[in-house]
Amino acid sequence: QVRLVESGGGSVQPGGSLRLSCATSGFAFYNYAMGWFRQPQGKEREFVAHIRGDGRTKNYADVAKGRFTISRDNRRNMLYLEMNDLKPEDTAIYYCARKTREFYEVGRIDEYGDWGQGTQVTVSS
């Protein structure tokens, strides 16, 4: 049974930082690329970051470049997202996802077959 459990969300002031974690189980973690997505209230889910199974290649949405860092620890089956210089527009539920398909773009939602429950990130003054 695949399980993805996010943690680390919370409230922070603009310019602050948060580190999200995703604990995984039920599959060979090192064999799968992983991603982070977010969904602001009232909006569609959007791609944030992607990391290859071996951790060597990373991809980011434009809004995340230079501020967010995706990483993984394959010995502990853990995925992370470090977020710096947070802005109010970063407010959303953040989801950890397992990439189970290969199409054309790393940010396509339909490439990810398993999702966590999400963790809320709120950035406000």
Side-chain angles (χ1 to χ4, degrees):
Q1 295 179 323
V2 174
R3 291 191 66 188
L4 306 174
V5 182
E6 302 95 334
S7 63
S11 298
V12 65
Q13 294 184 329
S17 300
L18 284 174
R19 189 193 193 208
L20 306 183
S21 298
C22 175
T24 76
S25 61
F27 66 99
F29 181 68
Y30 51 86
N31 283 336
Y32 289 86
M34 300 290 294
W36 285 99
F37 289 75
R38 69 186 187 185
Q39 186 167 17
Q41 186 176 13
K43 298 183 178 181
E44 296 184 349
R45 191 169 301 184
E46 64 181 7
F47 169 72
V48 176
H50 160 276
I51 185 169
R52 229 170 67 169
D54 60 11
R56 294 184 179 182
T57 301
K58 302 176 181 180
N59 297 275
Y60 298 94
D62 288 341
V63 295
K65 292 179 181 177
R67 298 191 299 128
F68 295 3
T69 301
I70 187 171
S71 62
R72 64 193 295 158
D73 185 342
N74 284 352
R75 290 184 178 274
R76 297 184 176 184
N77 299 332
M78 294 287 293
L79 177 71
Y80 305 99
L81 182 68
E82 182 180 350
M83 304 184 292
N84 300 308
D85 191 25
L86 285 163
K87 304 175 181 180
E89 49 264 44
D90 293 320
T91 296
I93 299 175
Y94 283 72
Y95 296 92
C96 169
R98 182 175 74 135
K99 198 171 190 293
T100 57
R101 300 173 180 84
E102 296 290 340
F103 294 121
Y104 302 100
E105 301 176 10
V106 297
R108 284 179 58 146
I109 293 176
D110 59 3
E111 291 187 27
Y112 298 79
D114 298 288
W115 301 78
Q117 82 289 348
T119 185
Q120 177 70 48
V121 171
T122 302
V123 185
S124 63
S125 300

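In this text the structure is predicted, and so the values were computed from the model without any measurement.
- Asn74 places no side-chain N or O within 3.5 Å of a backbone atom of Phe29 that could act as its donor or acceptor partner.
- Counting heavy-atom neighbours within 6.0 Å of Arg3 CZ, excluding the residue itself, gives a total of 12 or less.
- Looking at Ile70 and Met34, their side chains never come closer than 4.5 Å, going by heavy atoms from C-beta outward.
- Considering all non-hydrogen atoms of both residues, Val48 and Phe68 come closest at CG1-CD2, 3.7 Å.
- With a 4.5 Å cut-off on side-chain heavy atoms, Val106 and Tyr60 do not count as touching.
- At distances below 3.5 Å, not a single donor-acceptor pair connects side-chain atoms of Arg98 with backbone N or O atoms of Phe27.
- The two atoms that bring Glu102 and Glu111 nearest to each other are CA-OE1, 4.5 Å, heavy atoms only.
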Review point. Can Asp90 and Arg38 be said to form a side chain to side chain contact (heavy atoms under 4.5 Å, CB included), step by step?
Key: CA-CA 9 Å; Asp90 293 320; Arg38 69 186 187 185; 2.8 Å; yes
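- Taken from OH in Tyr30 to CG in Asp73, the straight-line distance is 14.5 Å, to the nearest 0.5 Å.
- In terms of modelled atom types and a separation under 3.5 Å, the side chain of Gln117 and the main chain of Glu6 share a donor-acceptor contact.
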Distance-only donor-acceptor pairs under 3.5 Å for side chains of residues 9-25, two or more places apart:
unit_1: Ser17; atom_1: OG; unit_2: Asn84; atom_2: OD1; d: 2.9
unit_1: Thr24; atom_1: OG1; unit_2: Asn77; atom_2: O; d: 2.9

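- Lys65 and Asp62 are joined by a salt bridge, as a carboxylate oxygen and a charged side-chain nitrogen come within less than 4.0 angstrom of each other.
- Checking side-chain atoms of Arg67 against main-chain N and O of Val63 turns up a donor-acceptor pair under 3.5 Å.
- Contact detail for Leu81 and Ala49: the closest heavy-atom pair is CD1-CB, 4.3 Å.
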Review point. Going through the distances and angles, do Tyr94 and Met83 end up as a side chain to side chain contact (heavy atoms under 4.5 Å, CB included)?
Key: CA-CA 11 Å; Tyr94 283 72; Met83 304 184 292; 3.7 Å; yes
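- Taking every heavy atom of both residues into account, Thr57 and Asp54 meet most closely at N-OD1, 4.4 Å.
- Between Tyr112 and His50 the shortest side-chain heavy-atom distance falls below 4.5 Å.
- By the 4.5 Å heavy-atom criterion applied to side chains, Trp115 and Cys96 are not counted as neighbours.
- Side-chain contact between Thr91 and Gln120: present, with at least one pair of heavy atoms (C-beta onward) separated by less than 4.5 Å.
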Review point. Checking side chain to side chain contact (heavy atoms under 4.5 Å, CB included) for the pair Tyr95/Leu4: CA distance, chi angles, key distance, verdict?
Key: CA-CA 9 Å; Tyr95 296 92; Leu4 306 174; over 6 Å; no
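- In the hydrophobic clustering of ILVMFWY residues, with side-chain heavy atoms under 4.5 Å counting as a link, Trp36 and Leu86 come out together.
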